[in-house]
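What follows is a set of notes on a single structure, which appears directly below.
By convention here, the first residue in the shown sequence is residue 1.
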Amino acid sequence: MSITITLVLVLLAITAFVASLATRIRIPYAILLVLVGVILGLIPGLPRVTVEPDLILLLFLPPLVYASAWQTSWREFRSNLRPILLLSVGLVLATTTVVAVVAHFVIGLPWPVAFVLGAVLSPTDAVAASATAQSMGLSRRIVTILEGESMINDATGLVVYRFAVAAVVTGTFSLWQASLQFFIVSLGGLLLGLVLAWPIAWLHRHLDDASIEITITLMTPYAAYLLAEELHISGVLAALSAGLYLSRQSSRFFSANTRLQANAVWNVLTFLLNGLLFLLIGLQWRTILESIASKSFGSVLGEAALASVSVIVIRVVWVFLATYMSRLLSPRLQTRDPSPGWRNVVVISWTGLRGGISLAAALALPVVIATGQTFPDRNLIIELTFGVILATLVGQGLSLIPLVRLLRLQAGTAHGEELQQARLEAAHAALTRVEELAQMDGVDSSFLAYLRAHYEQQVQRCLDPLNDAGQGLLIEQGMTHQHIRADVLQAERTAVIVLRDKGHIDDEVLRVIEREFDLEEQRL
């Protein structure tokens, strides 16, 4: 046990150091961690680090998908639902088919085993896509599409994987049953997440203890995932829908203190889980090399390159066809959602990074099938999967940086106009509340006059951003009238939440304004 704890602490220290180094040399830390893991795995004498596949799926996947869903803008997610579904469902099925065809006719795998390889390689990695896209400062729409795709296609790929493995193990397969089961598993996961999230939201509304509420947020994704898996539906989609719902409602049940502490805890947790996951992927290199016995290293390398080219090419073709062909066939779609710039399409088509999910699926393949024989070509599937992960995560990931610079894509920017609108609406709501308080008895009229002056100046700053006069007025007078200031601050919160609910501002804008309110409330 002490050796395990020491090893985990060493891995955490390596993660922190490598992430710091990646920041200095300006490359995504996920890529550098994989490379460092590969190097460490080749050093003689170091203890071997083996990872149980179920550990990756259970320990890492639920909280990381949940955290991504929590930070996802529901408005952006809904407005980009069509491209997200085309990538997360259509592309997964297309990739599975293309890889299976190549694996059967070129590599020589039997059809059932070829489809298992296709299913393993079909989903992009939610963690890799999010970490890489955000680190390069891509536009919010690109990040939303990539994150939405990777969260949903995990579920699609794992469902296809189950049926492909079952076909190899039992020797039977029914397309009709598989299609029906896919629908049930997906819809069931989404519904279960919502059903579970509703009482959790109710519980948060009746609690006002940051430690307890943060603990509940840490338990929620695991509860959704485990319950869904026990019911044989999608645990990934259950964690996703629970995260989307609770994120949407969090402005109504989290206090300022809880929200600030929860954000800090989750930021650290996602960083550590991301870092450990990518480092562990690289450390599997030694195990993969030792499994290469029946074929030469060069032969396996060539087949891995072929599989990598297959998943990359089908993604590029699919993304361009789905983007432009669909609009040529549907003028109505072109009118409603004009064709995006080709530069954005190029980036999305090139960001098909594979990672921990594919590796976990490959390692989780059963050793024997129903007849008692060993699972056909199991080691080869694992070797090819690791090769594709290196080619896409490291190769494509590193090439994305010069590609973004070459295409001259603008970095993601805050919603400036919506931020201005939210601040202006909050100031008007505060002035309205100040006037209501002025009609009540026992309220300090002199402090209300200060408040009125402050928010009138706030309105002027929103209308004229260059005017910063009187910015310190409230700080000087507010500390002795916390209850009045808190009342007015709540009116501001309510006004901004209503703007978000009506769709006038984005969830991301709400989170920016909300943090300002939280900090001001804590200052009081």
Below 30° counts as parallel, above 60° as perpendicular, anything between as tilted: where do the rings of W202 and H206 land? tilted
Is there side-chain contact between W318 and S349, with heavy atoms separated by less than 4.5 Å? no
Side chain to side chain, E149 and V92, heavy atoms closer than 4.5 Å: no
For residues S255 and T258, is any side-chain donor paired with an opposing acceptor at under 3.5 Å? yes
Step-by-step side chain to side chain contact (heavy atoms under 4.5 Å, CB included) determination, T95 to R315: CA-CA 8 Å; T95 302; R315 181 179 181 87; 5.8 Å; no
Tell me, with the steps shown, if E147 and R141 meet salt bridge (charged side-chain N to carboxylate O under 4.0 Å, His left out). CA-CA 10 Å; E147 288 184 343; R141 185 177 188 188; over 6 Å; no
Under 3.5 Å, is there a donor-acceptor pair between the side chain of Y161 and the main chain of A361? yes
Are the side chain of T156 and the backbone N or O of V89 linked by a donor-acceptor pair below 3.5 Å? no
Could you check if a side-chain atom of T15 sits within less than 4.5 angstrom of a side-chain atom of F271, using non-hydrogen atoms only? yes
Do F183 and L187 have side chains that get closer than 4.5 Å, going by heavy atoms? yes
Verify the distance criterion only: is there a donor paired with an acceptor across the side chains of T124 and N153 at less than 3.5 Å? yes
Can you check whether Y29 reaches T23 side chain to side chain, under 4.5 Å on heavy atoms? no
Ignoring hydrogens and angles, tell me if any N or O in the side chain of E229 forms a donor-acceptor pair with the backbone of G235 under 3.5 Å. yes
Mind running salt bridge (charged side-chain N to carboxylate O under 4.0 Å, His left out) on R205 and E213 for me, showing each step along the way? CA-CA 10 Å; R205 289 189 182 95; E213 292 191 76; over 6 Å; no
Within the 4.5 Å heavy-atom criterion, are L244 and W70 side-chain neighbours or not? no
Test item: side-chain donor near acceptor, E514 and S251, under 3.5 Å: yes
Flag side-chain contact, heavy atom, 4.5 Å: I216 against L207: yes
Criterion side chain to side chain contact (heavy atoms under 4.5 Å, CB included) against D506, the qualifying member of E76, R500, R511: E76
Taking only residues two or more places apart in sequence or in another chain, which ones pass side chain to side chain contact (heavy atoms under 4.5 Å, CB included) with L196? I200, A223, A224
Side chains of L353 and Q396 in contact at under 4.5 Å (non-hydrogen atoms): yes
Residue among L218, T270, L246 satisfying side chain to side chain contact (heavy atoms under 4.5 Å, CB included) with Y66: L246
Given L273 and L277, is the side chain to side chain contact (heavy atoms under 4.5 Å, CB included) satisfied, shown in steps? CA-CA 6 Å; L273 290 177; L277 178 58; over 6 Å; no
Donor-acceptor under 3.5 Å (T392 side chain, R354 main chain): yes
